[in-house]
S.K.: 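Below you will find the structure I want to go over with you.
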Amino acid sequence: MIRPEDAQFHPPTSDDPLWAETNYFGLYAGQDTPAPINIGVYGLFREPLGVAGSTVSINRKRVTAPWAADYWDAWEHLRLPRPGDLLHYDLANGLRVDCKEPNRIWDVDYTDEAAGLELSFRFTALMEPYDINDPDQDPLAAGRDMDLTWGHAYAGHFDLTGHVTGELSLRGKHFPIDCVSTMDHSWGIRAERQTSRLCWLHAHFSPDLAIHGLFDFTTENGPDAPSPLSLTHGYVLDRGTVRGLKVGVGTTWRSGFYPERVELHVTDADDVTWDLNGAALTTFPWQAWPGTVGHNCLHRWSCNGQTGYGEIMDFIGLGELGAAYNRSDPIPRVSVVS
């Protein structure tokens, strides 16, 4: 069960220097226009070391290099103010976060004067935090594998769907923000070298319906082939009631590992099955930290005649990416003529 104090830093349960906590705010603007804008604001806090990494991405294109997006900024060694405070912080990269009510209301501001960027929004929760490690909330909590990279990173973890309102100004253009989206907070050992995969996705149809899921997948078929999805955790927010997902399968059709098209079938704790189809509107290679690539797409989703929006992050470690690309495109032999 998640408590209000879980919005704050936690005492490390390990002396591993890679202990970390994270906050991710994903949102979008212009979802009803021909060019929706996907926005991501992230902080990775290694509080025992007194440093943080932070990234901000803004993208309405199909890009495979982060600098080709509308905006990208990444810092790896920001000094944390002492004493550490995850409810109220102001970082040197221009990010300021003020949690007005723990696990319910956050005000987020980000400024980069050189880029002509001002981002300001309020996240207001539509539900209680969903604890993936609590069997009373999550039907699959007992089955998690702590030997996996994401098992340790998500030793403590909640996902939270909310209503986001605000404004984005970038290079003289202004975009209102009004969407339903999902944020998260994790605490545990965050390894620099990722050795397992994670698909983190959600589909938001209205304040009354949202579906969020974490899935495993394989890279064995290579970067441009379909791959099956297997549910590890998730929930449906249905007219104010949250129900954990107990079964989930799907297929992702990929291009360069980006999830271009997704088909999902998930069943909640009340035995209601939800069938979803998603199609990518954007692509972006999000490196939350140097050792992983999150193949990020904003999707337009359909479910039971409703249209929704939400992003997919398919995280793959650099070692596994290298192996997959070398299987699919090995170095050709070169004949040497003497």
Side-chain angles (χ1 to χ4, degrees), residues 24 26 28 31 36 38 126-127 130 132 137-141 143-144 150 154 157 159-161 179-184 196-221 223-239 241-284 286 294-316:
Y24 177 72
Y28 44 93
Q31 59 267 34
N38 199 26
L126 293 170
M127 54 180 279
Y130 187 82
I132 68 170
Q137 275 193 297
D138 192 300
L140 300 177
R144 70 185 183 129
W150 290 97
Y154 281 13
H157 178 90
D159 298 295
L160 184 61
T161 299
C179 67
V180 176
S181 195
T182 298
M183 63 83 67
D184 77 351
S196 58
R197 299 146 308 283
L198 172 67
C199 171
W200 189 85
L201 64 78
H202 36 242
H204 311 98
F205 298 93
S206 73
D208 291 325
L209 179 61
I211 297 171
H212 176 74
L214 284 68
F215 294 81
D216 192 15
F217 61 95
T218 178
T219 60
E220 292 179 359
N221 297 331
D224 301 309
S227 59
L229 297 173
S230 176
L231 179 73
T232 58
H233 302 283
Y235 62 81
V236 56
L237 171 62
D238 181 18
R239 291 167 292 183
T241 299
V242 176
R243 297 190 295 274
L245 300 178
K246 64 179 186 178
V247 178
V249 295
T251 302
T252 298
W253 286 264
R254 302 183 180 279
S255 176
F257 282 121
Y258 289 94
E260 287 288 342
R261 186 164 63 89
V262 177
E263 182 179 287
L264 295 176
H265 310 281
V266 297
T267 301
D268 66 32
D270 283 354
D271 292 320
V272 178
T273 296
W274 305 84
D275 300 320
L276 298 90
N277 289 277
L281 303 171
T282 65
T283 61
F284 179 77
W286 181 43
H295 298 77
N296 174 225
C297 297
L298 178 65
H299 269 232
R300 180 180 288 121
W301 294 92
S302 62
C303 178
N304 296 336
Q306 298 188 59
T307 298
Y309 298 86
E311 63 184 335
I312 299 180
M313 302 282 194
D314 281 353
F315 294 98
I316 307 172

S.K.: Can you tell me how far CG of D138 sits from CG of L214, rounded to the nearest 0.5 angstrom?
M.R.: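 One finds 9.0 Å between CG of L214 and CG of D138.
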S.K.: Are any of the side-chain heavy atoms of P223 and F257 separated by less than 4.5 Å?
M.R.: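 Yes, at least one pair of side-chain atoms sits under 4.5 Å.
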S.K.: Counting C-beta onward and ignoring hydrogens, is there a side-chain heavy-atom pair between F215 and L201 closer than 4.5 Å?
M.R.: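 F215 vs L201: side chains touch.
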S.K.: How about L209 and R239: do any of their side-chain heavy atoms sit closer than 4.5 Å?
M.R.: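 No, every pair of side-chain atoms sits at 4.5 Å or beyond.
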S.K.: Using a strict cut-off of less than 4.0 Å between a Lys/Arg side-chain nitrogen and an Asp/Glu carboxylate oxygen, indicate whether D224 and R254 qualify as a salt bridge.
M.R.: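 Salt bridge: no.
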S.K.: Would you indicate whether the side-chain heavy atoms of H265 and T267 approach each other to under 4.5 Å?
M.R.: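 SC-SC contact between T267 and H265 ruled out.
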S.K.: Would you tell me whether T252 and S227 have side-chain atoms, one donor and one acceptor, within less than 3.5 Å of each other?
M.R.: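 T252 vs S227: no donor-acceptor pair found between side chains.
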S.K.: Rounded to the nearest 0.5 Å, what's the gap from CG on D216 to CG on L229? Could you check?
M.R.: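 Going from the CG atom of D216 to the CG atom of L229 covers 9.0 Å.
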S.K.: Walk me through it: do D314 and Y258 pass the test side chain to side chain contact (heavy atoms under 4.5 Å, CB included)?
M.R.: CA-CA 8 Å; D314 281 353; Y258 289 94; over 6 Å; no
S.K.: If you measure from CG on D208 to CG on D238, what distance do you get to the nearest 0.5 Å?
M.R.: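 If we round to the nearest 0.5 Å, D208:CG and D238:CG are 8.0 Å apart.
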S.K.: Could you go through the side chain to side chain contact (heavy atoms under 4.5 Å, CB included) check for T232 and L140 one step at a time?
M.R.: CA-CA 7 Å; T232 58; L140 300 177; 5.7 Å; no
S.K.: Tell me, with the steps shown, if H204 and T161 meet side-chain hydrogen bond (donor to acceptor under 3.5 Å, both in side chains).
M.R.: CA-CA 9 Å; H204 311 98; T161 299; 4.6 Å; no
S.K.: Does some side-chain heavy atom of R197 sit less than 4.5 Å from a side-chain heavy atom of T219?
M.R.: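 A side-chain contact exists here, since the closest heavy-atom pair is under 4.5 Å.
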S.K.: If I compare all heavy atoms of P207 with all of L237, which pair ends up nearest, and what's the gap?
M.R.: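 Nearest pair, atom of P207 first, then L237: O-CD2, 4.1 Å.
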S.K.: Could you tell me if the side chain of M313 sits less than 4.5 Å from the side chain of H295, heavy atoms only?
M.R.: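 A side-chain contact under 4.5 Å is absent here.
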S.K.: Answer with yes or no whether the side chains of D159 and W200 bring together a donor and an acceptor at under 3.5 Å.
M.R.: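 W200 vs D159: donor-acceptor pair found between side chains.
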S.K.: If you compare all heavy atoms of G26 against all heavy atoms of S181, which two are closest, and at what distance to 0.1 Å?
M.R.: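 Reported closest heavy-atom pair: O-OG, 2.6 Å.
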S.K.: Going by an N to O cut-off under 4.0 Å, is there a salt bridge joining R243 and D270?
M.R.: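 Salt bridge present between R243 and D270.
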S.K.: Sort out for me which residue in Y235, Y130, Y24 forms a side-chain contact (heavy atoms from CB on, under 4.5 Å) with T182.
M.R.: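 With T182 as partner, side-chain contact (heavy atoms from CB on, under 4.5 Å) holds for just one option, Y235.
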S.K.: Decide yes or no for V180 and L126: does some side-chain heavy atom of the first lie under 4.5 Å from some side-chain heavy atom of the second?
M.R.: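 Yes; the side chains approach each other to less than 4.5 Å.
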S.K.: CZ/F315 to CZ/F217 distance, rounded to the nearest 0.5 angstrom?
M.R.: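 Taking CZ in F315 and CZ in F217, the distance rounds to 9.5 Å.
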S.K.: Would you name the heavy atoms of C297 and P259 that are closest together and state the gap between them?
M.R.: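 Looking at all heavy atoms of both residues, the shortest contact is SG-CD, 3.6 Å.
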S.K.: Could you pull out the closest heavy-atom pair between S255 and E260, with the gap in Å?
M.R.: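 That would be CB-CG, 3.8 Å.
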S.K.: Looking only at heavy atoms, which two atoms of G213 and L231 are closest? And how far apart?
M.R.: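 Closest approach of G213 to L231: CA-CD1, 4.5 Å.
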S.K.: Identify the two heavy atoms, one from L276 and one from A203, that lie closest to each other, and give their separation to 0.1 Å.
M.R.: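 So the two residues come closest at CD2-CB, 3.7 Å.
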S.K.: What distance separates C199 SG from L264 CG, expressed to the nearest 0.5 Å?
M.R.: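 These two atoms lie 7.5 Å from each other.
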S.K.: Going from CH2 on W253 to CZ on R261, what distance comes out if it is rounded to the nearest 0.5 angstrom?
M.R.: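 So the CH2 of W253 and the CZ of R261 are separated by 4.5 Å.
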S.K.: Checking N38 side chain against E311 main chain: does a donor-acceptor pair fall under 3.5 Å?
M.R.: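 Not at all, since once roles are kept as given, no pair shorter than 3.5 Å links the two residues.
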S.K.: I would like to know whether Q31 and C179 meet side chain to side chain contact (heavy atoms under 4.5 Å, CB included); could you show each step before the answer?
M.R.: CA-CA 8 Å; Q31 59 267 34; C179 67; 3.8 Å; yes
S.K.: Is it true that D268 and K246 make a salt bridge, defined as a side-chain N closer than 4.0 Å to a carboxylate O?
M.R.: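 Looking at D268 and K246, the cut-off is not met.
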S.K.: Please check if the side chain of T282 supplies one atom and the backbone of L298 the other of a donor-acceptor pair under 3.5 Å.
M.R.: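 Yes.
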S.K.: Side chain of W301, backbone of H202: donor and acceptor closer than 3.5 Å?
M.R.: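 At least one qualifying donor-acceptor pair exists.
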